[in-house]
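First comes the structure, then the notes that go with it.
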Amino acid sequence: MTNLRISEWRKLPISLKELCIDTTLRCGQSFRWRKLENEGWTCTLHGQILSLKQDESGLQYRSMRPNISSSLDQQAQLTKPGIDVQNELEETERLLKHYLNLEPNLSALYEQWSSVDPNFKKRAPRFTGIRILKQDAWEALIGFICSSNNNIVRISQMVHNLCLHYGPLIGHVNSQPFHDFPTPESLTGPTVESHLRELGFGYRARYIARTATIVAKEKPEGWLQSLCNNDDFPDQKLPPGGREGYRRAHEELLNLQGVGPKVADCVCLMGLGWGESVPVDTHVWQFAQRDYKFGKGKHRSLTKATYDAVGDHFRQLWGIEAGWAHSVLFAADLKTFSDKVATKVEIKVDEIKVKEEGETILDLKTVLKREYQVDVIKDEVDEEKTKELAQDSPRAGRAKRRKL
DNA sequence: CCTCGCCCTTGAGC
DNA sequence: AGCTCAAGGGCGA
């Protein structure tokens, strides 16, 4: 095991309503946290390894830093002048508070969204404590370039491989290596694309290599950070298209390779701190049609115009932190969390079907039995609504159909 | 402006 | 065993 200086466990007083790490770290906004036996959620952050544990009493964390000299044992390190342990503890706490984005009052936001949106009010109680993290913008950018046509498990694997091969090793925990996220510079070079293809990145290999080159060589130093939101006290007025700074950041990101509207919005929201950013992916498009009357007339398919209209709608409905509310409903739509949503199976007997065969019309009375899987919020089962849902839901058409 | 085929890989479902 | 399809899209014609 690599020589690490391990801090004591410290406590951060925060309720599960304000932050639920088990949901927040798995809902597809960050891809590097690993849950280890006896260690909890673990990830590298700015040259150190952080572990998080949470129960009803609060959040616990500890840091693991690489030793400067491996010849000294832990006791010697602790007493060695030059290493200010107290200072490091404070630094870790600052880092963690910043990353977890603990400033906004999440309960108050949930209440506000619930008061203006019955659908949010119905679904949110099963998904409390989902907080938008303040991730590093560069990491978010690469992570979401990887996300196209992909699933969370595989995205996480790809990001892990990226760190393993291109990021500096920080240390081992439970005999697993932990690397920091690679810099843009380290992902430039003539062999990166082909190597990433060998590692299974597919067509995203070229996007990553090109975007890394643009950021490292063509843009000025600190360009990505310059797009981030520094408005600590946003005024309540929000233009339908979002604040000027958000629009500019979004537009700038579109010039990169492998970055379309959706990926740009993910980076704006999770890497640059623009709360009004609403990434519209297949899940969001699904519930926009199911619960918010999109998918008809002018906004039949998810074109760029429809994409903007969906975002504008949610911004007007939810306000300046619309992206936060969006993440709650997104999580509610993930199969990963289907254990949080009770599944009710409805049996419905179809109408008698008449089957034609050549010239003879056979009265084949085929009774079809359909099983509809309907997401039902536990303890809030409304029979009429449920049936309606089953018939209107896009899932109903793909529901299992068995002949008897 | 909208639509479509294509891009890589993996796992589930049939 | 083999096929289709979707998984948090983007790009070019």
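Residue numbers start from 1 in every chain, and the chains themselves are labelled A, B, ... in the order their sequence lines are given, proteins ahead of strands.
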Ignoring hydrogens and angles, write down the donor-acceptor pairs under 3.5 Å from the side chains of residues 300-309 of chain A, residues two or more places apart or on other chains.
residue  : atom : partner  : partner atom : Å
A/Thr303 : OG1  : A/Ala305 : N            : 3.4
A/Thr303 : OG1  : A/Thr306 : N            : 3.3
A/Thr303 : OG1  : A/Thr306 : OG1          : 3.2
A/Lys304 : NZ   : A/Asp308 : OD1          : 2.8
A/Lys304 : NZ   : A/Asp308 : OD2          : 2.9
A/Thr306 : OG1  : A/Ser301 : O            : 2.9
A/Tyr307 : OH   : A/Pro261 : O            : 3.2
A/Tyr307 : OH   : A/Asp265 : OD2          : 2.6
A/Tyr307 : OH   : A/Val280 : N            : 3.3

Exercise. Do side-chain atoms of A/Gln60 reach the backbone of A/Lys53 as a donor and acceptor pair under 3.5 angstrom?
Worked result: no
Exercise. Counting only N and O atoms by type, is there a donor-acceptor contact under 3.5 Å from the side chain of A/Gln135 to the main-chain atoms of A/Gln29?
Worked result: yes
Exercise. Please give, in whole Å, the distance from C/dG9 P to A/Leu141 CG?
Worked result: 16 Å
Exercise. For A/Gln157, which contact category applies under a 4.0 Å heavy-atom criterion: base, sugar-phosphate, or nothing?
Worked result: nothing
Exercise. Among residues 296-313 of chain A, which contact DNA chain B at a heavy-atom distance under 4.0 Å?
Worked result: A/Ser301, A/Thr303, A/Ala305
For this session: Please confirm whether A/Tyr207 and A/Phe201 have ring centers closer than 6.0 angstrom.
Result: no
Problem set entry | Interface with DNA chain C, restricted to residues 262-275 of chain A and to heavy atoms under 4.0 Å | A/Lys262, A/Val263, A/Cys266
For this session: Measure centre to centre between the rings of A/Phe330 and A/Phe337, then say whether the value is under 6.0 Å.
Result: no
Problem set entry | Interatomic distance, A/Asn255 CG vs C/dG10 C1' [rounded to whole Å] | 14 Å
Exercise. How is A/Cys27 classified with respect to the nucleic acid when contacts are heavy atoms under 4.0 Å: base, sugar-phosphate, or nothing?
Worked result: base
Problem set entry | B/dC6 versus C/dT4 - spacing of their P atoms, nearest Å | 14 Å
Exercise. Cut-off 3.5 Å, side chains only: do A/Glu88 and A/Ser7 have a donor facing an acceptor?
Worked result: no
For this session: For A/His250 and C/dG9, give me the distance from atom NE2 to atom C1', rounded to whole Å.
Result: 12 Å
For this session: Assess the side chains of A/Glu39 and A/Ser51: does a donor N or O sit below 3.5 Å from an acceptor N or O?
Result: yes
Exercise. Say you pick atom C1' in C/dG2 and the same atom in B/dC7; how far apart are they, in whole Å?
Worked result: 23 Å
For this session: Please evaluate the base of B/dT9 for a donor-acceptor partner in the side chain of A/Arg154 within a cut-off of under 3.5 Å?
Result: yes
For this session: Map A/Gly258 and A/Pro279 onto DNA chain C by nearest heavy atom, then report which one ends up closer to the 5' terminus.
Result: A/Pro279
For this session: Please report, rounded to the nearest Å, how far the C1' atom of C/dG8 is from the CZ atom of A/Phe337.
Result: 13 Å
Exercise. Touch check for A/Ile155, heavy atoms < 4.0 angstrom, all strands: base, sugar-phosphate only, or nothing?
Worked result: nothing
Problem set entry | Shortest non-hydrogen contact from A/Trp138 toward A/Pro184 | CZ2-CA, 3.4 Å
For this session: For A/Phe178, check ring pair (Phe, Tyr, Trp, His ring centres under 6.0 Å) against everything at least two apart and list the hits.
Result: none
For this session: Find the distance A/Phe31:CZ to C/dA7:C1' and express it as a whole number of Å.
Result: 12 Å
Exercise. Do A/Trp113 and A/Glu321 have side-chain atoms, one donor and one acceptor, less than 3.5 Å apart?
Worked result: no
Exercise. Expressed in whole Å, how much space separates the P atoms belonging to C/dA13 and B/dC8?
Worked result: 16 Å
Exercise. What is the nucleic acid contact for A/Val284, judged by heavy atoms within less than 4.0 Å: base, sugar-phosphate only, or nothing?
Worked result: nothing
Problem set entry | A/Arg315 backbone acceptor or donor facing A/Glu276 side chain under 3.5 Å | no
Problem set entry | Rounded interatomic separation in angstrom, taking CG from A/Asn149 and C1' from C/dC11 | 12 Å
Problem set entry | Proximity to DNA chain B (any heavy atom under 4.0 Å), residues of residues 190-216 of chain A only | A/Arg197, A/Gly200, A/Gly202, A/Tyr203, A/Arg204
Exercise. With distance as the sole criterion, is a donor-acceptor pair present between the side chains of A/Gln176 and A/Arg34 under 3.5 Å?
Worked result: yes
Exercise. Okay, side chain of A/Glu185, backbone of A/Ala216: is any donor-acceptor separation there less than 3.5 Å?
Worked result: no
Exercise. Are the aromatic rings of A/Phe294 and A/His313 close, with centres under 6.0 Å apart?
Worked result: yes
Problem set entry | Flag, side chain of A/Ser115 to backbone of A/Gln112, donor-acceptor distance under 3.5 Å | yes
Problem set entry | Atom C1', compared across C/dG8 and B/dC2: separation rounded to whole Å | 23 Å
Problem set entry | Interatomic distance, A/Ile142 CD1 vs C/dG10 C1' [rounded to whole Å] | 15 Å
For this session: Using whole Å, report how far CG of A/Leu254 lies from C1' of C/dG10.
Result: 11 Å
Exercise. Under a 3.5 Å cutoff on both atom distances, Watson-Crick or G-U, what's the dot-bracket for DNA chain B ([ ] crossing, | other strand)?
Worked result: ..|||||.||||||
